[in-house]
Number of protein chains: 2
Amino acid sequence: MTEKLSPVDVSTLQERVYLKLRQALYQGKFAAGETLTIRGLAAALGTSAMPVREALQRLVAEKALVQTPSRSIRVASFTPELFWEIIRIRMSIEGMATKRAALNPPPPLAGALRDINAKMIAAIKGGFTEEVLDANKEFHFAIYEAAEMPQLLEIINNLWLRTGPYLGVAYRMGYSDPFLTGTRFHERIIQAIERRDGRRAASGLKVDIWATAKWFTRHRIAIFGEDEERPLQAVL
Amino acid sequence: MTEKLSPVDVSTLQERVYLKLRQALYQGKFAAGETLTIRGLAAALGTSAMPVREALQRLVAEKALVQTPSRSIRVASFTPELFWEIIRIRMSIEGMATKRAALNPPPPLAGALRDINAKMIAAIKGGFTEEVLDANKEFHFAIYEAAEMPQLLEIINNLWLRTGPYLGVAYRMGYSDPFLTGTRFHERIIQAIERRDGRRAASGLKVDIWATAKWFTRHRIAIFGEDEERPLQAVL
DNA sequence: TCGCGCGTCTTGTGATCACAAATCAACGAT
DNA sequence: ATCGTTGATTTGTGATCACAAGACGCGCGA
């Protein structure tokens with residue numbers, strides 16, 4: 001009888017709401033600085049206030065959302081200083097994970113990375129769909145998972161949740177450049193991993209992160225708010 | 001009139017509960033692996049379930065507490081692997097902050113660090129009070145704050161919340177060794193900062209963290225649980 | 001003595017409600 | 001026109017309740 005039934009979803013409502021909000025944030029569906037209300041989201045999601053409330057607080061704890069002094073909850077937004085700080089942090093932490101993965105990679109890693117990168121290139125030169133973003137994330141996290149440091153992976157996940165939306169901006173504006181140059185850095189990283197060269201792999205990754213961040217500056221894209229106000233919104 | 005009145009406490013009940021729990025965790029007042037119940041804490045704190053519930057979820061989001069598959073909430077406990085992973089992460093991240101602080105330290109930093117370290121030595125050789133733990137934390141965070149990276153500081157704070165309780169174990173058992181050797185590493189770090197030598201400062205800090213972690217292994221202190229069960233508890 | 005049910009109590013989850021503070025809009029005075 | 005005020009409405013916080021799922025203890029049977 002067991003083969004007739006697939007397991008039911010035993011997750012809590014709160015968790016499903018959390019994942020839904022997280023995904024929406026990730027895809028940049030909320031404007032940075034936008035305020036989110038408990039009752040509003042609850043109505044939109046068809047639940048009561050309770051699960052939404054807890055999911056929001058969780059995202060606040062993860063710094064994906066911020067709480068103003070008046071307790072209203074907004075989508076986090078960056079100043080240029082905070083943006084570059086987090087880029088620096090990412091270079092350090094993700095560099096560490098990459099180095100570790102490169103020094104002792106599971107055998108199928110390099111091949112899998114090649115496949116993912118090829119998929120990413122195809123997605124860029126093809127329809128340039130959302131798959132570009134997914135492939136990019138998939139590439140990076142395949143490496144980070146290979147580092148076999150679950151707690152580090154959690155930290156990285158959190159950092160991506162904060163910076164993730166901004167990559168989406170480039171995509172939605174139709175810019176393919178940062179993604180295309182990204183795939184070249186990816187190729188470098190793959191080669192370094194094949195040679196078990198941790199240092200080169202890490203530096204390749206750092207350049208990848210840095211170049212993408214720099215792209216935003218170079219194109220003077222209005223990512224940042226002025227006086228903590230109205231950021232990214234104008235772009236979307 | 002303003003000088004006659006001090007600001008009233010405008011924080012939410014949830015936040016005060018959170019801070020109280022955080023402090024208790026930090027001081028190792030809860031045994032690792034211990035189960036915390038919402039109603040139990042609410043009764044102990046004299047509040048309703050609501051604020052406790054949200055404070056607990058926040059601590060779960062920060063990985064200071066963990067939620068079992070059956071949804072009960074426990075104090076996080078380490079396996080040796082997870083412990084050493086977090087030590088490695090701390091060496092990398094706190095090393096980064098230290099390097100940055102040493103390269104461009106605010107003028108009074110070195111002097112302030114000397115004072116704190118002297119206070120720590122006095123506390124060790126004197127009554128060996130809880131002030132030892134406080135001074136140690138104060139020393140490290142004086143450096144991390146000097147790095148002027150607020151988001152990095154948040155991450156470090158979180159890592160300390162997870163490993164903090166274990167330092168308390170050594171203190172409660174009356175061991176002063178790890179703290180005394182710590183002060184010697186601190187002195188090295190201070191000298192490196194005076195010379196604006198970021199690399200030496202960072203490596204000094206890494207040795208400080210590593211040596212302390214190693215101390216637990218060397219003394220075969222039963223910090224870790226077996227099969228995720230009964231950790232640290234036997235020690236307290 | 002050990003294992004297996006079975007009933008009771010406890011626990012987390014989610015819904016609903018009361019309330020105070022914040023937000024927003026219309027309005028009036030300068 | 002601009003700013004401050006006032007009133008209505010929205011919003012987060014905290015309390016309480018219903019309910020299903022777990023945890024626990026007791027006793028029965030092997």
Side-chain angles (χ1 to χ4, degrees), chain A residues 5 7-22 30-31 33-77 225 227-230 233, chain B residues 5 7-22 30-31 33-77 225 227-230 233:
Chain A
L5 297 173
V8 298
D9 187 1
V10 293
S11 65
T12 61
L13 196 45
Q14 172 210 143
E15 190 161 352
R16 293 198 290 276
V17 170
Y18 165 79
L19 290 175
K20 198 124 190 168
L21 291 178
R22 184 187 168 100
F30 296 119
E34 180 177 352
T35 74
L36 302 179
T37 66
I38 295 174
R39 288 172 175 86
L41 290 174
L45 294 169
T47 73
S48 82
M50 229 22 248
V52 174
R53 197 169 149 176
E54 297 187 323
L56 286 180
Q57 298 242 358
R58 181 167 169 190
L59 288 165
V60 169
E62 293 174 353
K63 316 280 178 203
L65 302 176
V66 294
Q67 210 162 12
T68 68
S70 69
R71 306 264 126 93
S72 72
I73 292 175
R74 299 180 177 209
V75 179
S77 69
D227 296 317
E228 307 280 340
E229 280 301 335
R230 213 174 47 82
Q233 212 155 0
Chain B
L5 297 173
V8 299
D9 187 2
V10 293
S11 65
T12 61
L13 196 45
Q14 171 211 141
E15 190 161 351
R16 293 197 290 276
V17 171
Y18 165 78
L19 289 175
K20 199 127 191 165
L21 291 177
R22 184 187 168 100
F30 296 119
E34 181 176 350
T35 300
L36 301 181
T37 67
I38 294 175
R39 290 172 174 87
L41 289 174
L45 294 168
T47 73
S48 82
M50 241 4 261
V52 174
R53 197 169 148 175
E54 297 188 321
L56 286 180
Q57 299 242 359
R58 181 166 168 190
L59 287 165
V60 169
E62 293 173 354
K63 316 279 177 202
L65 302 176
V66 295
Q67 211 163 10
T68 68
S70 70
R71 313 257 134 80
S72 72
I73 292 175
R74 299 180 176 213
V75 179
S77 68
D227 295 317
E228 308 280 340
E229 278 301 334
R230 212 174 45 82
Q233 212 155 1

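So that the names make sense, note that chain A is the first sequence line, chain B the second, and so on, each numbered from 1. Small disclaimer: the values here were computed from a predicted structure and weren't measured.
- The side chain of B:Ser70 approaches D:dA23 more closely than any other nucleotide in the set D:dG14, D:dA23, C:dG12.
- Between B:Ile73 atom CD1 and D:dG22 atom P the separation is 16 Å, expressed in whole Å.
- Distance CZ (A:Arg58) to P (C:dT13): 11 Å, rounded to an integer number of Å.
- Rounded to whole Å, atom C1' of C:dT13 lies 9 Å from atom CD of B:Gln57.
- In this structure, B:Ile73 and B:Val66 have side chains that are not in contact, with every pair of non-hydrogen atoms separated by 4.5 Å or more.
- Considering only heavy atoms from C-beta on, A:Thr35 stays 4.5 Å or farther from A:Thr68 through its side chain.
- A salt bridge does not link A:Glu54 to A:Arg58: none of the charged nitrogens lies less than 4.0 Å from a carboxylate oxygen.
- When each of B:Arg22, B:Arg16, B:Gln14 is tested with B:Tyr18 by the rule side-chain hydrogen bond (donor to acceptor under 3.5 Å, both in side chains), just one qualifies, namely B:Arg22.
- Between the side chain of B:Arg71 and the base of D:dG22, no donor-acceptor pair of N or O atoms lies under 3.5 Å.
- Using a 4.0 Å heavy-atom criterion, one finds that A:Leu41 contacts no nucleic acid atom at all.
- Nearest nucleotide to the side chain of B:Gln67, out of C:dG12, D:dG14, C:dG14: C:dG12.
- When the P atom of C:dG12 is taken as reference, atom CD of A:Gln14 falls 13 Å away, rounded to whole Å.
- Between the P atom of C:dT11 and the CZ atom of B:Arg74 lies a distance of 13 Å, rounded to the nearest Å.
- Note: CE (A:Met50) to C1' (D:dT13) measures 11 Å, nearest angstrom.
- In this structure, the nucleotide among D:dA15, C:dA18, C:dT11 sitting nearest to the side chain of B:Arg39 is C:dT11.
- Between B:Val52 and the choices B:Leu13, B:Leu45, B:Thr37, the side-chain contact (heavy atoms from CB on, under 4.5 Å) rule is met once, by B:Leu45.
- Side-chain atoms of A:Arg53 and base atoms of D:dG14 include a donor and an acceptor less than 3.5 Å apart.
- Among the atoms of the strands shown, none is found under 4.0 Å from any heavy atom of A:Leu56.
- Which of C:dA18, D:dG14, C:dT13 sits closest to the side chain of B:Ile38 comes down to C:dT13.
- One interatomic measurement links the two molecules: CD of A:Glu34 to P of D:dT11, which rounds to 13 Å at whole-angstrom precision.
- Counting only heavy atoms from C-beta on, A:Ala49 has its side chain closest to C:dT16 among D:dG22, C:dT16, D:dT16.
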